[in-house]
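Just so it is clear, the structure is predicted and the values come from calculations on it, not from any experiment. Each chain gets a letter, A, B and so on, in the order its sequence line appears, and its residues count up from 1.
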Amino acid sequence: METPRGFRIIPEYLSPAAQAALVETLRGIVAQAPFFRPVMPGNGRPFSVEMTNAGPLGWVSDRAGYRYQPMHPVTGEAWPAIPDSILDAWGDLTGYPSPPECCLINLYRGEKAKMGLHRDADEEDFDAPVLSFSLGDTATFRLGGATRRGPTKAVTLHSGTALILGGDSRMAYHGISKVMPGTSRLLTGGGRLNLTLRRVTKPVPGIESPRKAVP
DNA sequence: TAGTGCCT
DNA sequence: ACAA
């Protein structure tokens with residue numbers, strides 16, 4: 001298949017030291033917002049991955065549907081803040097003028113943990129790219145096209161790899177078809193973490209919303 | 001249809 | 001393909 005122009009993959013974007021530091025930060029986030037297992041809308045079938053979020057809005061799924069919401073579905077607490085290092089990476093890699101509002105954290109444990117073909121379509125803003133980072137065990141990512149059926153391309157994601165779905169690939173179907181247990185020692189107890197950053201609401205025109213004051 | 005489970 |  002022809003690779004879309006807005007699709008970018010940056011192997012080793014995060015150094016081993018940066019990965020270790022990020023995992024440490026994520027430990028704090030997970031302590032505040034524990035992983036939960038979402039279920040499918042309607043039939044209530046459980047996901048094979050566990051999830052939590054950081055940022056003003058978190059992505060959740062339950063029998064009622066997919067949505068973004070400001071609180072953890074189990075604890076009712078607000079999501080923790082997105083780490084500064086991740087916000088910096090968003091600016092660096094996307095150049096998008098507004099910050100991401102959701103950092104979805106997916107945990108893949110064991111051979112059965114997968115993510116079927118889907119597309120990120122619950123946002124209001126489809127202009128912003130989707131940025132994601134891989135941590136821990138190596139995985140096979142599949143990139144499809146504009147429909148759920150049709151050919152897909154396999155992309156291997158190692159720990160530290162950054163991936164961007166932007167432009168003509170923003171609405172492409174994609175998923176994780178396989179995770180190879182034991183291929184990384186980054187996470188205690190093994191497994192794979194994926195961080196997905198998204199802008200959810202449309203930025204208000206004229207507001208650049210920098211998070212650091214300009215001296 | 002962000003699900004599983006066959007089959008080729 | 002499935003079946004809600």
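In this structure, CG in Asn106(A) is found 10.0 Å from OG1 in Thr52(A), a value given to the nearest 0.5 Å. The structure places CG of Leu193(A) at 5.5 Å from CG of Leu107(A), a figure rounded to the nearest 0.5 Å.
Here the closest non-hydrogen pair linking Ile82(A) and Cys103(A) is CG1-CB, 3.9 Å.
Salt bridge Glu123(A)/Arg198(A): present, at least one basic N to carboxylate O contact under 4.0 Å.
Between the side chains of Asp120(A) and Tyr66(A), no donor-acceptor pair of N or O atoms lies under 3.5 Å. The closest side-chain donor-acceptor pair between Glu101(A) and Thr201(A) falls under 3.5 angstrom. Judged by distance alone, the side chains of Asn53(A) and Trp59(A) never bring a donor and an acceptor atom under 3.5 Å apart.
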List the atom pairs, with distances to 0.1 Å, where a side-chain N or O of residues 109-116 of chain A and a protein N or O form a donor-acceptor pair under 3.5 Å, not counting sequence neighbours.
unit_1: Arg109(A); atom_1: NH1; unit_2: Gly189(A); atom_2: O; d: 3.0
unit_1: Arg109(A); atom_1: NH1; unit_2: Gly190(A); atom_2: O; d: 3.4

| note | Encoded 5' to 3' (Watson-Crick or G-U under 3.5 Å; [ ] crossing; | other strand), DNA chain C becomes ||..
| Nucleic acid footprint by protein, nucleotides 2-8 of chain B - heavy-atom cut-off 4.0 Å, B for base, S for sugar-phosphate alone | BBS----
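For the C1' atoms, the distance from dT1(B) to dG5(B) is 14 Å, rounded to whole Å.
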